[in-house]
Structure formats: structure tokens, C-alpha cells
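Single-structure report; data block below.
Throughout, a chain's letter reflects where its sequence line sits, starting with A, and its residues are numbered from 1.
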Amino acid sequence: MLRLHDTATGSLAEMSAKNGPFRLYVCGPTVYGPPHIGHGRFTLVYDVIRRYLESGGTTVRHVSNVTDIDDKIIERANSERRPWKEVAEENEALWWSAMDRMGVAKPHVVPHATDYVEEMVALVSELVARGIAYDSEDGVYLSVAHVPGYGLLAQQSLESLRAGARVEPTGVKRSPVDFALWKKAKPGEPSWPSPYGPGRPGWHTECVVMSLALLGEGFELHGGGADLKFPHHENERAQAVALGRRFADHWAHNGLVEVGGAKMARSVGNVTSLEGLAEAHDPRAYRLLVLQAHYRAPMEVREAHLEAASQALERLDSLARRIEESSGDGPQGTLPASRLPERFKERMDDDLDTPRAMALVFEAIRSANASLASGDRPAGLSEGRAALSCAAAVGLLPTAVSVVAKEALHLAEKRDQARSARDWAAADALRQQLVQLGYRVEDTPAGTRLYR
RNA sequence: GGCGGCGUGGCCGAGUGGUUUAGGCAAGGGCCUGCAAAGCCCUCUACCCCAGUUCGAUUCUGGGCGCCGCCUCCA
């Protein structure tokens, strides 16, 4: 049973579904620009959680939103002199292509803010009717003082939050900590009708409405980046609490990607594009890097780290080739049981201790190689297959065996002939040719092995 | 100012009151190999500073220094 650190309580909580699927809501991107590697990290983290739960037999219902209307999108559209919708659609397309490339499973449902405006208006109206929200000059605000337990996720009292507020009260807000549920449209801005005049929903409102609409009350886990803890998640929760609705049971927050010690964020302007990373490296290298850090710890992503991870991945892939090669003539009957799956699970279940879990996988890889090298095939195959299946559970499936062109196979055959004739010069020339065709060449007992 | 967190070997990055090592990458040596690749074996080595608790602390407590996140949009 997976247990994760729950931000709301500060302790480990069991991630068990109640009587249906495990319901997971993850705050997605605002699509005003291309995704960066910080986005890559959080999607990978929740992808790993999802895959791991699924690999253990749990059915997961994964919902993650796309914020397709907000100030930044409008700004971008204005500066580029084109429709805001076009900006949103274009960047959303970039998002999914990057996700696909990273091997991140698409959420089961991807709600868009603009599809839920009516529901959001209804929620705002209800909060106003209850006297918890108030209409103001430029929008409708939630009066945080009326929400019991505000500050749960921030781990701060309302008083200290108020004292620490860095934004001066504008006069339209009764308290600096109050937040906008509805933003009234300025001339020329996109808008939807509401009893408070045309406008658009506040960011915090969309996630409450969509998560409750699609997952229902008391869904199991709500996740996002550590920077969303406060105020975004706090404010989502505040609205649900104010309405007397049960919200997420548990909260998870992943650590941020940092650059030279500062978090990576579009607002900071130090982003590296995710697409670029996926082009320059096997996307699994980044996944491995993410797995080698604890999900709650901040992490630095540098070129050298990605290269190290790529090297490590080579060990996994070369084992996969070795296993595949010997699967045909493998020993019949039962193989000795590997202890890896059990130990791996132990580490994963303990707050997703992927660094330790991956260490176990790499230990198993070494042990499998050692067994195979020493001729103990049953032990090698058993440990090796266990390692591959653990890797697969977190999305690190070895790359599919590459298709080798006929021409290359022919060259390899010729090379084998040259080698058995001990014509080393010819053999080396043929290897050179194969390398130039883009293949890696390895000699094995079964002859020349090619892969990309 | 408030709240939360961090400081580990050449690099990344776990973990632990002591006895046997995280793991990956890099480096050096060896084995294997026609050469190479892959693989295996071995080696290197750490716990920010100070004080305290303890038979014993990198691990606990207190203080200090340094760094980061949140309190504003942000994954």
C-alpha cells in the first residue's frame, strides 16, 4: 500500500481508493507558453504515482486541467495581436506533444476552464448568497476570514498570513488575503456573462469546480507543484470548505526544479524548454533523473546530470538486450524467485522513495549481469526480468528493439564470416561501415549484435 | 518580519545512533576480448561550524553560519 506525505497533516497517509477507482487530481498548466522542464518534472512525478498504483492493480482515475483563459494568455494574445483562443490552443498542442514525447500517460480527463464557466459562476453565486464572498469594484472576492481552518496547507494561521502579505490592500479587497473568484472584464477582454457582470473566473475557482465535478467529493489525492501549496491549493480548499463540501482527502506537492539554486518558472524567466530536452536526450534520461531525486526535494537539472542518467540507462537497456537474446533458449521450468519486487515495493510504498527503489533496480542489474556472466542463467534471468519489470512500473521500459535494416544485417553477416576467417581487417572495416550507418556494434557468442 | 525545508565523498543523490556497502555518473587498476563494445571484480571516499546528550553522533538537542521555497503570477 502506497503511503505518501500528506501536506495537510504532515504525516504519511495511505493511498487507498474507497470503493471505486483511486481519484487523482493534478493541477495542470496555464497554456500561454511552451512547457518547460519544471512542468516535465511534475508530470513525471504524478505519472510515476499513477503507473505505480496501476502496476499494483489499483484502477486510477486521473484528472488534470488545462487553464485556457487567464491574464497571461490575454497578455500574450494582445502582444502578439491574435486571438487569445489561438494562443491557448497552440500552446496546449505543444504541451501534449511534449508529454507524449516524455512518455507521460495522458490523464483520463482533461477539463478546460472555459468549458466550466457556468458551473464556476454558480459556485461564486452560492458563496455570495452565503455571505462568504462579496461583490467588489473589479471582481468578486472570497472573504477568507469566514473560512474555518484557513491556512491548513500553508501551515500558518490566518493572522500570520495577513501579517506577511506583501501586497497592499487595494481597497477593493476587504482583507489582503481575500482572493478573486470572478474577475470583471475590462474593455476588450474576453468575458462570460454572470450576475456580477461580464468577466472570467479566477484561477483558484476553476480547479475546485472541475475536480469536484469530475471526481466527486472526498477524492483521494490532489497534487501539484510545491509552489501551488499556497495560495492556489489553500484557496481551492477554502471554497470547498466554505460551501460545506468535502474536498480532497490528501494533498501531495512535488519539489521544484531549480536553476542555480533558484526555482525554474516562467515568471522568473529561467526556463529550459521541455521539447528541447527531449530532443537532446532519450526522454527516459530525464525520467530517471526525476526518479533518482526524492519527489519532494528540489532538484537541479544540468546537462551533465542528464548525460549521467543516459549512461545509467545504457545499463538497463543492455541488460534488456541480453535478456531478450537469451529468452528463446532460456531454461524451462521455474526460475528462482527474485527478492527485488518485494524490496522495490517496500521502498516505493514508503513515500515514493524512488531514489532507493532505483538503487535496488541498479543493484539487481549488476547482480543479473554477474550471474549471466558466470553462467548462472536461471539466477540471471530471474533477477534481470525482475529489474526490467520494476523499471517498467515507473515508466522506464527499455526502448523497443530497434529495427535493423536488411542491408545492415547483411553487413553483419559478412562481418561474422570475416571474423570466423580471422580476417580482422575486413571485420573492422565492416564494423566501421555499420557504425557509420548509425548502429552500435557488439560481439557476442552468437555473432555480431546491432542496435541503435 | 512569519512559516516550511535544506547543507553528505570529484559530481548527482539516498540513508543511518556504533558493527558490512546506498545507487548512478566520473576516475584508477584488473578480468574477459583478435581489437572494440558490453559485462564482471577491485580501489578511492563523505557527512557545514560550535556546544550538549551518549560508552559512542554524520544521524538526537541547542546555538551559529550558509542556502532555498512560500507569504504576488508560478508546476
P gap between rU8(B) and rC67(B), integer Å: 14 Å
Pairwise C1' distance, rU33(B) and rG15(B) [rounded to whole Å]: 39 Å
Salt bridge Asp71(A)-Lys183(A), side-chain N to carboxylate O under 4.0 Å: yes
Any donor-acceptor N/O pair, Asp47(A) side chain to Ala105(A) backbone, under 3.5 Å: yes
Proximal nucleotide (of rC71(B), rC73(B), rA75(B)) relative to the His204(A) side chain: rC73(B)
rG9(B) to rG52(B) separation - P atoms, rounded to the nearest Å: 26 Å
Side chain of Gln156(A) - closest among rA14(B), rG2(B), rA38(B): rG2(B)
Partner nucleotide, any strand, of rC44(B) [Watson-Crick/G-U, under 3.5 Å]: none
rA75(B) pairs with, by Watson-Crick or G-U criteria that keep both distances under 3.5 Å: none
Donor-acceptor pair, side chain of Ser367(A) and main chain of Glu363(A), under 3.5 angstrom: no
Pair Arg284(A) + Asp282(A): basic N to acidic O under 4.0 Å: yes
Pair partner, rC25(B) [Watson-Crick or wobble, under 3.5 Å]: rG10(B)
Near-ring test Phe219(A)/Phe22(A), centroid separation under 6.0 angstrom: no
Nearest to side-chain heavy atoms of Ala297(A), which nucleotide of rA14(B), rG39(B), rC71(B): rA14(B)
Selection from rC71(B), rG39(B), rC40(B) that lies nearest to any side-chain heavy atom of Ala370(A): rC40(B)
Pair assignment for rC55(B), Watson-Crick or G-U wobble, requiring both distances under 3.5 Å: rG18(B)
Is_stacked (Trp424(A), rG34(B)) at 5.5 Å, 30 deg: yes
Side-chain N,O (Arg266(A)) to OP1/OP2 (rA75(B)) below 4.0 Å: yes
N or O in side chain of Asn369(A) less than 4.0 angstrom from rC40(B) OP1/OP2: yes
Distance, P atom - from rC25(B) to rG64(B), rounded to whole angstrom: 41 Å
Touch class at under 4.0 angstrom, heavy-atom based, for Ser318(A) against every strand present: sugar-phosphate
G-U wobble or Watson-Crick pairing nucleotide for rU33(B) (cut-off 3.5 Å, both distances): none
Ring-face cation of Lys229(A) near Trp251(A) (centre distance under 6.0 Å, axis angle within 45°): no
Rounded distance in Å between the P positions of rA26(B) and rG34(B): 25 Å
Spacing of the C1' atoms in rC44(B) and rC49(B) (rounded, Å): 26 Å
Candidates rA38(B), rA14(B), rC3(B) - which lies nearest the side chain of Gln155(A): rC3(B)
Selection from rC73(B), rC40(B), rA75(B) that lies nearest to any side-chain heavy atom of Lys72(A): rC73(B)
Nearest-nucleotide pick for Pro231(A), side chain only, options being rC12(B), rC73(B), rG2(B): rC73(B)
Donor/acceptor link under 3.5 angstrom from Asp428(A) side chain onto base of rG34(B): yes
Shortest side-chain distance from Arg419(A), nucleotide among rG34(B), rC73(B), rA14(B): rG34(B)
Distance-only donor-acceptor test (3.5 Å): side chain Arg302(A), base rC12(B): no
Atom P, compared across rA75(B) and rC70(B): separation rounded to whole Å: 12 Å
From Arg266(A) atom CZ to His39(A) atom NE2, the distance as rounded to the nearest 0.5 Å: 4.0 Å
Which nucleotide in rC11(B), rA38(B), rC35(B) has an atom nearest any side-chain atom of Glu442(A): rA38(B)
rA38(B) pairs with, by Watson-Crick or G-U criteria that keep both distances under 3.5 Å: none
Matching residue for His250(A) among His222(A), His5(A), Met15(A) - test: side-chain contact (heavy atoms from CB on, under 4.5 Å): Met15(A)
Sugar-phosphate, base or nothing in reach of His294(A), heavy atoms under 4.0 Å: sugar-phosphate
Show me the protein contacts with nucleotides 23-32 of chain B, counting only N or O atoms at under 3.5 Å.
none

Polar side-chain contact Asp443(A)-rC35(B) base: donor and acceptor under 3.5 Å: yes
Sugar-phosphate, base or nothing in reach of Arg415(A), heavy atoms under 4.0 Å: base
Straight-line distance of Gln433(A) CD to Lys414(A) NZ, nearest 0.5 Å: 7.0 Å
rG69(B) - base-pair partner by Watson-Crick or wobble geometry, distances under 3.5 Å: rC3(B)
Inter-nucleotide C1' distance (rC60(B), rG17(B)), Å rounded: 8 Å
Nearest listed nucleotide, side chain of Ala373(A), among rA14(B), rG39(B), rA75(B): rG39(B)
Salt bridge present between Asp317(A) and Arg440(A) (N-O < 4.0 angstrom): no
